[in-house]
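Only heavy atoms go into these numbers, but all of them, side chains included; no hydrogens, no water, no symmetry mates.
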Amino acid sequence: MSGCSKRCKRGIFRCFQTLFKLLTGTLHKDKVEDELEMTTVCYRPEGLEQLEAQTNFNKRELQVLYRGFKNECPSGVVNEDTFKLIYSQFFPHGDASMYAHYLFNAFDAAQSGSVKFEDFVAALSVLLRGSIHEKLRWTFNLYDINKDGNINKEEMMDIVKAIYDMMGKYTYPVLKEDAPKQHVEVFFQKMDKNKDGVVTLDEFIESCQEDDNIMRSLQLFENVM
């Protein structure tokens, strides 16, 4: 990312570190505000009032998020290479580059080639404060690599392989070579209701809502702020 200093990159890393902790449930709710005070990204949004209208955060929460952003890095954006570099630091024993690529595309909803403060806040708003349907739609969009409105087996295999590569070889128990294929088959047995070889958004949402474990994981972040 041109024009982004070492200080900026450290700030961006803390920004996505906060999101990662929120997504994995390792950020205690009492520490959220302290973590958000430290999060940084280099961009100045057009207006907090507009973001307040577009997200589920109030003005004070947006100010807390943005305060660190503007202090650390004035240049404005995170490109995919920087995003991959940041994300790889969470998985030192694996290769997170492909999963980071898919995740970057999910954050970059406008497909602009960069992730800005607005993109980060929009994703955080859905994942923390969105309805069950909004959270599941965001996840579906992550898996729908070619954005055709369906998840096919090739896309799911790419996602699963990326996750396995990210976790690295030192997982326990040791994964079998055909584990990704088995994972995909289980996914489609459960999700592909009409057995046409693709999973639609409606099928995905219906299947997830039938799974208590998925529902519990989605509820972990409710009222976290």
Side-chain angles (χ1 to χ4, degrees), residues 1-24 26-27 35-36 38-45 51 54-55 65-66 68-69 72-128 130 134-152 154-168 180 201 204 218 221:
M1 181 171 61
S2 62
C4 194
S5 65
K6 289 183 179 179
R7 183 185 181 197
C8 169
K9 290 182 180 179
R10 287 196 302 270
I12 297 166
F13 173 73
R14 288 199 297 271
C15 168
F16 288 104
Q17 185 177 53
T18 298
L19 178 61
F20 178 78
K21 288 180 180 180
L22 288 166
L23 291 175
T24 56
T26 56
L27 180 58
E35 290 282 342
L36 291 178
M38 298 190 331
T39 63
T40 54
V41 76
C42 38
Y43 189 75
R44 180 173 180 83
L51 282 177
Q54 294 172 343
T55 69
L65 280 165
Y66 180 55
F69 280 58
E72 291 289 341
C73 192
S75 60
V77 296
V78 184
N79 66 19
E80 185 172 340
D81 288 340
T82 303
F83 187 95
K84 286 180 177 179
L85 180 63
I86 294 163
Y87 205 76
S88 69
Q89 296 179 57
F90 297 113
F91 303 96
H93 300 299
D95 179 1
S97 60
M98 280 310 300
Y99 190 77
H101 167 72
Y102 300 135
L103 192 61
F104 179 87
N105 286 341
F107 273 91
D108 181 19
Q111 300 299 293
S112 66
S114 62
V115 172
K116 307 177 184 66
F117 177 70
E118 291 93 334
D119 300 319
F120 173 72
V121 170
L124 205 61
S125 174
V126 170
L127 294 168
L128 291 182
E134 288 172 332
K135 292 174 184 178
L136 290 174
R137 194 177 298 113
W138 195 93
T139 306
F140 181 89
N141 183 61
L142 171 64
Y143 295 163
D144 179 15
I145 296 172
N146 66 8
K147 310 305 178 194
D148 68 348
N150 298 303
I151 301 171
N152 60 43
E154 291 75 19
E155 287 174 316
M156 200 63 213
M157 181 64 79
D158 288 343
I159 290 286
V160 171
K161 282 182 176 177
I163 292 172
Y164 279 64
D165 288 345
M166 178 174 66
M167 301 311 293
L201 175 61
F204 182 78
L218 290 175
F221 312 119

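The aromatic rings of Phe107 and Trp138 sit perpendicular, their planes meeting at an angle over 60°, well past the 30° parallel limit.
Take Asp108 and apply the side-chain hydrogen bond (donor to acceptor under 3.5 Å, both in side chains) test, not counting sequence neighbours, and it matches Ser112. Every residue two or more places apart in sequence or in another chain that forms a side-chain hydrogen bond (donor to acceptor under 3.5 Å, both in side chains) with Ser125 is listed here: Asn56. Among residues two or more places apart in sequence or in another chain, the ring-ring contact (aromatic ring centres under 6.0 Å, His included) test is passed with Tyr102 by none. In this structure Phe104 satisfies the ring-ring contact (aromatic ring centres under 6.0 Å, His included) test together with Phe83, sequence neighbours excluded.
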Distance-only donor-acceptor hits, side chain of residues 154-162, under 3.5 Å, sequence neighbours excluded:
unit_1 : atom_1 : unit_2 : atom_2 : d
Glu155 : OE1    : Asn152 : N      : 3.0
Glu155 : OE2    : Ile145 : N      : 3.1
Glu155 : OE2    : Asn146 : N      : 2.9

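Between Lys116 and Ser114 the shortest heavy-atom distance is NZ-OG, 3.2 Å. Listed here is the closest heavy atom pair of Phe204 and Ile151: CD1-CD1, 4.4 Å. Residue Leu142 comes nearest to Ala106 through the heavy atom pair CD1-CB, 3.9 Å, listed as atom of the first residue, atom of the second, then distance. Annotation for Glu134 and Val126: closest pair O-CG1, 3.4 Å, computed over non-hydrogen atoms. The minimum heavy-atom distance linking Tyr87 with Ala96 is given by the pair CD2-CB, 4.1 Å.
Atom CD of Gln54 sits about 8.0 Å away from atom CD of Glu118, to the nearest 0.5 Å. Between the OG atom in Ser97 and the CE atom in Met166 there is a gap of 10.5 Å [rounded to 0.5 Å].
Sorted by first and then second residue, the salt bridge (charged side-chain N to carboxylate O under 4.0 Å, His left out) pairs with a member in residues 83-101 read Glu80-Lys84; sequence neighbours excluded.
Inter-residue side-chain proximity for Phe91 and Tyr99 is flagged as unmet; no heavy-atom pair is nearer than 4.5 Å.
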